[in-house]
Amino acid sequence: MAQVINQPTPWRIFVSSTYEDMIPYRDAVTDALTSIEHLPIGMEHFVSTPDRPLDVCLTDVRRCQLYIVLVGMRYGSVDEESGKSFTELEYEEAIKNKIPVLAFVINENECAILPKFVDTGEKAEKLALFKNRLDERMTSRFKSVEHLKELVIRSVEAQVKRTTEAKKVESQVASNQEEYIIGAKLFKRFILLPERYKGKEAVLRIRMDGGFSGWRLKDEMFDAFHVKNGDTIFGNDA
């Protein structure tokens with residue numbers, strides 16, 4: 001009988017950048033993401049719609065689990081209402097929705113750039129400010145298409161691993177907390193029993209599994225049950 005292996009669910013990953021100047025780099029990111037079995041989402045996949053292009057972009061950002069931004073030497077198309085580029089607005093949407101961001105910025109000293117793909121004037125100033133915003137977080141500088149591809153694979157795999165491990169911890173904490181509450185409720189029912197135990201010594205043995213042990217077991221258990229060590233229960237680590 002063939003063994004069925006549960007594969008991790010692919011992430012939807014939004015790829016944001018200007019377009020014409022970044023085509024080879026976008027292709028590299030797409031190749032990198034598909035090689036590690038994730039789903040790149042970007043302008044290449046847009047279809048005809050009556051909605052504003054910016055609205056479509058921001059909706060797709062919200063639907064993704066990870067946001068990748070590639071920044072070259074162009075600021076890109078500017079939204080008249082906000083005065084910001086589509087790329088910067090997509091970045092802000094990811095931050096607002098607490099979507100993890102991976103930023104990759106071109107290394108101007110090592111990466112060949114055609115003059116027609118270099119902004120000047122007001123757009124160059126806005127681009128510099130945007131790069132400064134990105135540098136407030138962790139960014140990676142790429143010096144070639146292949147270098148970018150390597151950076152993306154390593155960065156995405158690390159982010160997926162961090163997120164997966166964090167969810168496991170959260171799940172374990174929630175499970176422990178649920179069991180802890182159940183135990184506290186059982187004890188409450190015990191101490192609210194009628195006069196059956198009045199004037200008698202009652203010994204309640206409690207076993208707590210999981211991450212509680214030693215001083216942590218005793219202190220937190222007594223606090224939860226609103227008793228002092230030695231009052232009415234006997235704590236046993238075993």
Side-chain angles (χ1 to χ4, degrees), residues 12-34 40-64 66-156 159:
R12 290 172 56 89
I13 302 177
F14 193 92
V15 182
S16 176
S17 74
T18 52
Y19 186 65
E20 186 181 4
D21 58 318
M22 299 300 287
I23 289 176
Y25 302 106
R26 293 183 66 87
D27 289 344
V29 172
T30 296
D31 290 345
L33 296 180
T34 54
I41 304 296
M43 62 185 76
E44 297 91 345
H45 307 98
F46 293 167
V47 296
S48 179
T49 172
D51 298 325
R52 290 194 314 154
L54 178 59
D55 293 336
V56 173
C57 293
L58 299 184
T59 297
D60 278 347
V61 169
R62 291 191 292 271
R63 290 174 177 169
C64 289
L66 183 63
Y67 172 87
I68 287 178
V69 58
L70 309 175
V71 182
M73 297 301 295
R74 296 182 71 181
Y75 186 59
S77 300
V78 173
D79 171 57
E80 293 182 1
E81 183 177 340
S82 65
K84 297 179 180 179
S85 70
F86 279 30
T87 303
E88 187 163 9
L89 290 172
E90 290 164 356
Y91 168 77
E92 291 179 349
E93 190 70 14
I95 297 297
K96 183 173 71 175
N97 287 275
K98 298 181 179 179
I99 298 171
V101 171
L102 297 179
F104 302 91
V105 179
I106 199 166
N107 186 324
E108 303 172 22
N109 297 321
E110 297 193 44
C111 205
I113 307 167
L114 292 176
K116 68 176 182 177
F117 292 147
V118 178
D119 275 343
T120 58
E122 183 181 358
K123 280 194 171 183
E125 293 173 2
K126 288 186 175 182
L127 177 62
L129 292 174
F130 182 38
K131 288 181 177 179
N132 288 339
R133 289 187 68 185
L134 295 177
D135 285 336
E136 292 174 358
R137 299 170 178 267
M138 184 67 72
T139 61
S140 296
R141 286 323 198 255
F142 61 90
K143 55 187 178 181
S144 68
V145 168
E146 286 303 316
H147 185 219
L148 174 61
K149 190 172 181 178
E150 294 171 5
L151 289 173
V152 168
I153 291 175
R154 291 204 307 267
S155 300
V156 170
Q159 181 61 46

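Values in this document were obtained by computation on a predicted structure and should not be read as measured data. We number each residue from 1, following the sequence as shown.
Atom CD of E136 and atom CG of N132 lie 7.5 Å apart (nearest 0.5 Å). Expressed to the nearest 0.5 Å, how far CD of E92 lies from CZ of F130 amounts to 8.0 Å. In this structure, E90 CD and L54 CG are separated by 7.5 Å, a value rounded to the nearest 0.5 Å. Distance check: L66 CG to I41 CD1 gives 12.0 Å after rounding to the nearest 0.5 Å. The structure places CG of L89 at 9.5 Å from CD of E81, a figure rounded to the nearest 0.5 Å. Residue Y25 holds its OH atom at 11.5 Å from OG of S17, rounded to the nearest 0.5 Å.
The nearest pair of heavy atoms linking T30 to P40 is CG2-CG, 3.9 Å. In terms of heavy atoms, R74 sits closest to E20 at NH1-OE1, 4.0 Å.
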Side-chain donor-acceptor pairs of residues 142-155 under 3.5 Å, sequence neighbours excluded:
unit_1: S144; atom_1: OG; unit_2: H147; atom_2: N; d: 3.0
unit_1: H147; atom_1: ND1; unit_2: K143; atom_2: N; d: 3.1
unit_1: S155; atom_1: OG; unit_2: L151; atom_2: O; d: 2.8

Side-chain donor-acceptor distances from residues 93-113 under 3.5 Å, at least two apart:
unit_1: E93; atom_1: OE1; unit_2: K96; atom_2: NZ; d: 3.4
unit_1: E93; atom_1: OE2; unit_2: R62; atom_2: NH1; d: 2.7
unit_1: E93; atom_1: OE2; unit_2: N97; atom_2: ND2; d: 3.2
unit_1: N97; atom_1: ND2; unit_2: E93; atom_2: O; d: 2.8
unit_1: N107; atom_1: OD1; unit_2: N109; atom_2: N; d: 3.0
unit_1: N107; atom_1: OD1; unit_2: E110; atom_2: N; d: 3.4
unit_1: E108; atom_1: OE2; unit_2: K131; atom_2: NZ; d: 3.2

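The stretch residues 110-129 participates, sequence neighbours left out, in no ring pair (Phe, Tyr, Trp, His ring centres under 6.0 Å) pair at all.
A donor atom on one side chain and an acceptor atom on the other are not found under 3.5 Å apart for Y91 and S16.
At a threshold of 4.0 Å, the pair K126-E88 does not count as salt-bridged, since none of the basic side-chain nitrogens sits closer than that to a carboxylate oxygen.
The side-chain heavy atoms of V78 and K84, taken from C-beta on, include no pair separated by under 4.5 Å. Looking at M22 and V15, their side chains never come closer than 4.5 Å, going by heavy atoms from C-beta outward.
Applying the ring pair (Phe, Tyr, Trp, His ring centres under 6.0 Å) criterion to F86, with sequence neighbours excluded, gives no partner residue. With sequence neighbours left out, T87 forms a side chain to side chain donor-acceptor pair (under 3.5 Å) with no residue at all. Applying the ring pair (Phe, Tyr, Trp, His ring centres under 6.0 Å) test to Y75 and every residue at least two apart in sequence or in another chain returns nothing.
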*Check the pair D21, M73 against side-chain contact (heavy atoms from CB on, under 4.5 Å), reporting the backbone distance first and the verdict last.*
CA-CA 8 Å; D21 58 318; M73 297 301 295; 5.8 Å; no

_side-chain hydrogen bond (donor to acceptor under 3.5 Å, both in side chains) between R137 and T139, worked out_ = CA-CA 6 Å; R137 299 170 178 267; T139 61; over 6 Å; no

*Full working for side-chain contact (heavy atoms from CB on, under 4.5 Å) between L127 and V71*: CA-CA 9 Å; L127 177 62; V71 182; 3.7 Å; yes

*asked:* With side-chain contact (heavy atoms from CB on, under 4.5 Å) as the criterion, how do R63 and F14 come out once you've worked through the C-alpha distance, each side chain's angles and the decisive distance to 0.1 Å?
replied: CA-CA 9 Å; R63 290 174 177 169; F14 193 92; over 6 Å; no

